[in-house]
Protein chains: 2
Amino acid sequence: MYLKLLSDQFELGITNISSEELAELGGVNAAKVRKDLSYLGSYGTRGVGYDVEFLVFQIKRELGLTHEWHVVVVGAGHLGNALAGYGGFGERGFPVGGVVDVDPAKIGTVVGGVRVRHLDELAAVVHSRKISIGVIATPAVAAQHAADSLVSAGITSILNFAPTIINTPHGISVRKVDLAVELQILSYHEQRRANVREATKLKAVPGNGRRGASA
Amino acid sequence: MYLKLLSDQFELGITNISSEELAELGGVNAAKVRKDLSYLGSYGTRGVGYDVEFLVFQIKRELGLTHEWHVVVVGAGHLGNALAGYGGFGERGFPVGGVVDVDPAKIGTVVGGVRVRHLDELAAVVHSRKISIGVIATPAVAAQHAADSLVSAGITSILNFAPTIINTPHGISVRKVDLAVELQILSYHEQRRANVREATKLKAVPGNGRRGASA
DNA sequence: ACAGCTTTGTGAAACTGTGCACAAGCGTCG
DNA sequence: CGACGCTTGTGCACAGTTTCACAAAGCTGT
Ligand SMILES: NC(=O)c1ccc[n+]([C@@H]2O[C@H](COP(=O)([O-])OP(=O)(O)OC[C@H]3O[C@@H](n4cnc5c(N)ncnc54)[C@H](O)[C@@H]3O)[C@@H](O)[C@H]2O)c1
Ligand SMILES: NC(=O)c1ccc[n+]([C@@H]2O[C@H](COP(=O)([O-])OP(=O)(O)OC[C@H]3O[C@@H](n4cnc5c(N)ncnc54)[C@H](O)[C@@H]3O)[C@@H](O)[C@H]2O)c1
């Protein structure tokens, strides 16, 4: 978040920023900002603030963003297309270095300037570009297979969009983006707003008379 | 997460589950599972476990998923199309109840069975279906405008895909999905794996000799 | 009816994260 | 060149979360 905010500020011509201002932009506490940034090193100047450009560099260094990370997308369907065709990743340092699928109708088509290749060629795609991050955009049933293929091909980080938990060997980083979960969190808040009266009792008296219903 | 896991288990014909098993599926601690579930009420049976179907119902009730929540998508571009055309939301209780855009070329086209309407008609779309959740899939520069339009139309929850922080009045729930951030987290782990030697010093001696560079 | 086994529900402890408050350090200005 | 104002960096306290550990409770078989 800090990286995004600071990059945006830098674009606007801001060269220096205080923890107070940065906290305001990010909607967090200023002390937290300072503590977070202190993990990078002691790069602020007392009485002045932080040098925006320098801080951007330091955060990028810490996150490993000093060079680009090509990613490979598995599944060239709706989502795979949107992802590959989306320039935003390249801008943020993650160009799409390959797209694979199993559907003969998809193979050979070009999405986002990249030709779709067969899943069997995944290892070749990965090695040719030294790719270490894979994105799963296949249906849920194929997600585990996709993950296994990625791991065999030498991928060590996976971003999973399929709404299923995938199993990977130890040492592989996996992150899951589940849009339905995001919506559920929103619906929970909506629900809460709808009946504030009952909600206040939530933690105090959770069993609200329905106790025996499980019998 | 529990809802998803339990629903999946129920589909597989599992009618009863212990906190131990559920913890295993979710990759968390069994005591945590029990404490989490205890907030819903005391619905387990000692010596036996939890009734899967009943627990699914209880979680749905708590999350406000006893009825469907229609959502409105703002922006009918790549992402808006993928979202509207994606049946997964409807299945999980969030059917797309409307799509709006400002591009005349997009308006009138049909995505995922829904006709794209003009942003000006947002309030009408929202009221006709009693929609309270809006999804922003516009370019970053238009995200704030989209948010303002949603709020004026009466929306109280927003899911934002644009890589920018939006300002909303108090009382509006906002969640942000930033895919670049997910990739950055993965690249951080990759980075760590690449140089474990230096990484061990990270917290102890953060300023590794580059201190003066900001001057 | 009761022993033995299993699993929940939950205090208490351990751990992690957040925020306050202030000394230390830097820049500026008279 | 020293006083003053501003902002960082961090010790400490508080808050929240996770885990442990065990009594309570249900089920099965005798
Ligand atoms: N479309 C969305 O907006 C959206 C949103 C959230 C989550 N998702 C999830 O993303 C995934 C993809 O969604 P989609 O709408 O793009 O689906 P889709 O059906 O349009 O595309 C899936 C693609 O995966 C390919 N595929 C199938 N098995 C494969 C395998 N073993 N290896 C490689 N490729 C394989 C198919 O040929 C197809 O091209 C799904 O799991 C979905 O739940 C999609
Ligand atoms: N495509 C992806 O895979 C992807 C991934 C992550 C994030 N995003 C983000 O999602 C957003 C949309 O991406 P996209 O690829 O679909 O872009 P896109 O350009 O394909 O679509 C944007 C759509 O929004 C419409 N629009 C513009 N201003 C509007 C306004 N004020 N009100 C309503 N509609 C408006 C445009 O007419 C267009 O149809 C962007 O902010 C992007 O950063 C996209």
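Just so it is clear: chains get the letters A, B, ... in the order the sequence lines come, proteins before strands, and each one is counted from 1. Here the structure is a predicted model, which means the values were calculated and not measured.
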Next on the checklist: Applying salt bridge (Lys or Arg N to Asp or Glu O under 4.0 Å) as the test, list every pair that has at least one member in residues 24-35 of chain A; sequence neighbours left out.
Outcome noted: A/K32-A/D36
Next on the checklist: Please enumerate all residues that pass side-chain contact (heavy atoms from CB on, under 4.5 Å) together with A/S173, with sequence neighbours excluded.
Outcome noted: A/S157, B/L186, B/H189, B/R193
Item to check | For B/E182, salt bridge (Lys or Arg N to Asp or Glu O under 4.0 Å) partners two or more places apart | outcome: A/R175
Item to check | Listed partners of A/T156 passing side-chain hydrogen bond (donor to acceptor under 3.5 Å, both in side chains), at least two apart | outcome: B/E190
List the atom pairs, with distances to 0.1 Å, where a side-chain N or O of residues 79-93 of chain A and a protein N or O form a donor-acceptor pair under 3.5 Å, not counting sequence neighbours.
unit_1 : atom_1 : unit_2 : atom_2 : d
A/N81  : ND2    : A/A76  : O      : 3.0
A/N81  : ND2    : A/G77  : O      : 3.1
A/R92  : NH2    : B/D178 : OD2    : 3.3

Next on the checklist: For a quick check, with a 4.0 angstrom heavy-atom cut-off, what is the B/S/- contact string for nucleotides 25-30 of chain D, read 5' to 3'?
Outcome noted: BSS---
Checklist outcome for this item: Hits for side-chain hydrogen bond (donor to acceptor under 3.5 Å, both in side chains) against B/T168, two or more places apart or cross-chain, chain-then-number order -> none
Could you give the side-chain donor-acceptor pairs of residues 136-149 of chain A under 3.5 Å, partners two or more places apart or in another chain?
unit_1 : atom_1 : unit_2 : atom_2 : d
A/Q144 : OE1    : A/N167 : N      : 2.9
A/Q144 : NE2    : A/D148 : OD1    : 2.9
A/Q144 : NE2    : A/N167 : O      : 2.9
A/S149 : OG     : A/H145 : O      : 2.9

Next on the checklist: Short of 4.0 Å, heavy atom to strand atom, which residues of residues 28-35 of chain A count as contacting DNA chain D?
Outcome noted: A/R34, A/K35
Next on the checklist: With the threshold set at under 4.0 Å for non-hydrogen atoms, list the residues of residues 11-22 of chain A touching DNA chain C in residue-number order.
Outcome noted: none
Checklist entry - Under the side-chain hydrogen bond (donor to acceptor under 3.5 Å, both in side chains) test, which residues partner A/Q184, sequence neighbours left out? => result none
For residues 8-15 of chain B, dump all side-chain donor-acceptor pairs below 3.5 Å to protein atoms at least two apart in sequence or in another chain.
unit_1 : atom_1 : unit_2 : atom_2 : d
B/D8   : OD1    : B/K4   : NZ     : 3.3
B/D8   : OD2    : B/K4   : NZ     : 3.0

Item to check | Under 4.0 angstrom between B/Y39 side-chain N/O and C/dT10 OP1 or OP2 | outcome: no
